[in-house]
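Presented below is the structure to which this report refers.
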Amino acid sequence: MTHHIKTYNQIANAGLSLLDEQYKVNAADADPDAILLRSHSLHNEPLPSSVQAIARAGAGTNNIPVESFTEQGVVVFNTPGANANAVKELVLSCLIASARNLFSAITWTNSLKGSTNVAQQVEANKKAFIGNEIRGKKLGVIGLGNIGSVVANDALSLDMDVVAYDPFVSVDVAWMISRNVQRVHNLEELLATCDYITIHVPLSEKTTGFIDEKAFKAMKKGIQFINFARGELVDEQALEAALKDGTVGKYITDFPNDRIFELENVVAIPHLGASTLESEENCAVMAATQLKNFLETGNIRNAVNLPNIDLPLTSPGRLTIMHKNVPNMVGQISTLLAERAFNIADMVNRSRGSWAYTLIDIDNKLTDPEAVDILNRLQNIEGVVRARHIANGWHK
Ligand SMILES: NC(=O)c1ccc[n+]([C@@H]2O[C@H](COP(=O)([O-])OP(=O)(O)OC[C@H]3O[C@@H](n4cnc5c(N)ncnc54)[C@H](O)[C@@H]3O)[C@@H](O)[C@H]2O)c1
Ligand SMILES: O=C(O)CC[C@@H](O)C(=O)O
C-alpha cells in the first residue's frame with residue numbers, strides 16, 4: 001500500500017528519507033493521507049477528506065485548527081523537545097547580547113565603515129555601549145516546558161538567579177528542573193522582581209495577549225523581555241506604552257511585523273529559534289517517524305489531540321476508531337464486530353479530554369468489500385469521526 005504525504009515548508013531530508021518506497025511525498029498532492037509541515041498556516045484552508053493525520057515538525061501547533069480538524073477525524077502530531085536546545089542556545093545568546101548592548105553596538109560599528117580614524121572613534125565612543133553582566137541578575141522564565149526548563153537550568157550555570165512560573169508543569173519536566181530554580185505560584189511575583197524575562201508558553205485562545213497592560217505595569221523598570229514563543233502572546237499596544245515609559249528597556253522578539261518595526265528598543269529576529277541543522281533534522285525525523293508509525297500501525301505517539309497508544313500489530317488486521325469520549329462506544333463497536341462474526345484478538349481504548357481512540361485487532365483477514373462494509377458501519381455509530389482498517393502485510 002502506498003501512503004501519500006503532502007509537505008509544506010522546507011522539511012529536512014533526514015526526515016523525508018525515512019518515508020521509503022511505501023510513500024509518495026509530493027508538495028502538490030490534492031488528496032494526501034497525511035500532511036507534514038512546519039509554520040505554514042492551515043487556518044482558512046480547505047482540508048481534503050483524505051487527510052488522516054498532520055505532523056508539525058516543531059512544537060507550536062497554533063498554525064493548525066486542531067479542534068475543527070479533530071472533529072473531522074484528523075490526528076495532529078507535534079515534536080515536543082526536538083528543537084528545545086536550538087531555542088535555548090539562541091535565548092541565552094540574546095540574553096548576553098542584550099545585556100552587553102551588542103545589537104546596537106554592532107549597528108553603530110558598521111556605520112563607521114569607510115570613515116577615517118575608525119580605531120579612535122571606537123575608543124572615544126564605546127562608552128555609549130557599556131553593558132551589564134548577567135551574573136547575579138534575576139531571570140524570570142514563564143512556561144517551564146521543554147524549552148523553559150533547559151533555559152532555566154542553563155541560566156543557573158551562568159550564575160543567574162532563576163525564578164519560574166508554570167501552573168501546569170508536567171511531571172516529566174519537573175524531574176529535569178534544578179531545585180535551585182525558584183518556582184513562584186503567581187505571575188506578579190515573577191514580574192515584579194526580575195531583570196530579564198523570557199516567555200515559553202504555547203499560543204492559544206487562553207494565552208493570546210497574556211502579557212498585557214497589567215503584566216507590564218507589574219514589571220520592574222528597565223526590564224529586558226525576550227519572546228521566542230509567539231508574537232501574539234504579547235499585547236502590542238501595551239508593549240508600545242511600556243517601551244515608551246521605560247518599563248521595558250529592550251524587547252527581543254523572534255516574530256517581527258510592521259508594528260514591531262515602528263517601535264524603539266526592539267530587536268527583531270526572523271523566526272530563527274529552531275533554525276539549526278540539528279534541530280531541523282530532529283524535528284523532521286520525529287515528525288516523519290510518528291506519521292509512519294500511525295499510518296502503518298495506527299499507533300499514536302505525541303499527538304496533541306489524542307492519547308499515546310502503542311499496541312504491537314501481530315494479528316491479520318486492525319481497526320482503528322477515533323470517536324467522542326462518551327459512554328457505550330466500545331459496547332457498540334464490539335456488538336457490530338460480533339454481528340459480523342469478527343473475533344477480537346486484542347483491544348485498547350484510551351481517552352484524552354472529550355476524544356477517545358480504540359484499536360481493535362481482529363483474527364480475520366478481511367476482503368476489500370468486508371473492510372468497506374465494516375468501516376461504513378463503524379462510521380455510522382454516532383460519535384465516531386473516523387474508522388480505518390489496516391491489513392497486516394507481514395501476517396502469514
Ligand atoms: N521561535 C521558535 O522557533 C520556536 C521554536 C520552538 C517553540 N516555539 C514556541 O515556544 C512554545 C513553547 O515550546 P516548548 O517546546 O517549551 O513547549 P512545551 O509544550 O514543552 O512547554 C510549554 C509550557 O508552557 C506551560 N504553560 C501553558 N500555559 C501556561 C500559562 N498560562 N502560564 C505559564 N505556563 C504555561 C505548559 O505547562 C508547558 O510546561 C511553543 O508552543 C512555540 O510556540 C518557538
Ligand atoms: O519550523 C520552524 O522554523 C519554527 C518552529 C517553531 O516555531 C516551533 O513552534 O517549533
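None of the values given here were measured: they were computed from a predicted structure. Just so you know, ligand 1 is whichever comes first in the structure, and atom 1 is the first atom listed for that ligand.
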Report the nearest protein non-hydrogen atom to atom 1 (O) of ligand 2: residue, atom name, distance rounded to 0.1 Å.
-> Arg38 NE, 2.8 Å
Identify the closest protein heavy atom to atom 21 (O) of ligand 1: which residue and atom is it, and at what distance?
-> Gly145 CA, 3.2 Å
Contact summary for Thr2 and Asp33, nearest pair of heavy atoms | O-OD2, 4.0 Å
Would Phe255 and His271 count as a close aromatic pair, with their ring centres under 6.0 Å?
-> yes
Identify, by atom number and element, the atoms of ligand 1 in contact range of His271, meaning under 4.0 Å from any of its heavy atoms.
-> 1 (N), 2 (C), 3 (O)
Where Arg352 and Pro307 come nearest, the two heavy atoms and their spacing = CB-CD, 3.7 Å
Short N/O distance, under 3.5 Å, between Gly60 and ligand 2?
-> yes
Closest to atom 17 (O) of ligand 1 (heavy atoms only, candidates Leu233, Val87, Asn146, Asn83) is Asn146
Does Pro167 reach ligand 1, in the sense of a heavy atom lying below 4.0 Å from it?
-> yes
Which protein non-hydrogen atom lies closest to atom 7 (O) of ligand 2, naming both residue and atom, and how far is it?
-> His271 NE2, 2.8 Å
Per-residue contact class, Glu280 against ligand 2 - non-hydrogen pairs under 4.0 Å | neither
Backbone N or O of Asn62 within a donor-acceptor pair of the His43 side chain at under 3.5 Å?
-> yes
Determine whether the side chain, the backbone, both or neither of Arg230 has a heavy atom under 4.0 Å from any heavy atom of ligand 2.
-> side chain
Keeping to residues at least two apart or across chains, list the side-chain hydrogen bond (donor to acceptor under 3.5 Å, both in side chains) pairs with something in residues 233-260.
-> Asn101-Lys250, Asn227-Tyr251, Glu236-Asn257, Glu240-Lys244, Glu240-Arg259, Asp245-Thr247
Consider ligand 1: state whether an atom of it lies below 4.0 angstrom from any non-hydrogen atom of Gly58.
-> no
What pairs meet the side-chain hydrogen bond (donor to acceptor under 3.5 Å, both in side chains) rule with one or both residues in residues 134-150, with sequence neighbours excluded?
-> none
Is the shortest distance from a Lys or Arg side-chain nitrogen in Lys6 or Asp31 to a carboxylate oxygen in the other one below 4.0 Å?
-> no
Verify the distance criterion only: is there a donor paired with an acceptor across the side chains of His4 and Asp29 at less than 3.5 Å?
-> yes
Nearest protein heavy-atom contact for atom 10 (O) of ligand 2: which residue, which atom, what distance?
-> Ala59 N, 2.6 Å
Short check: is a protein heavy atom less than 4.0 Å from atom 8 (N) of ligand 1?
-> yes
Under 4.0 Å from one or more heavy atoms of Gly143, ligand 1 contributes atoms 24 (O), 34 (N)
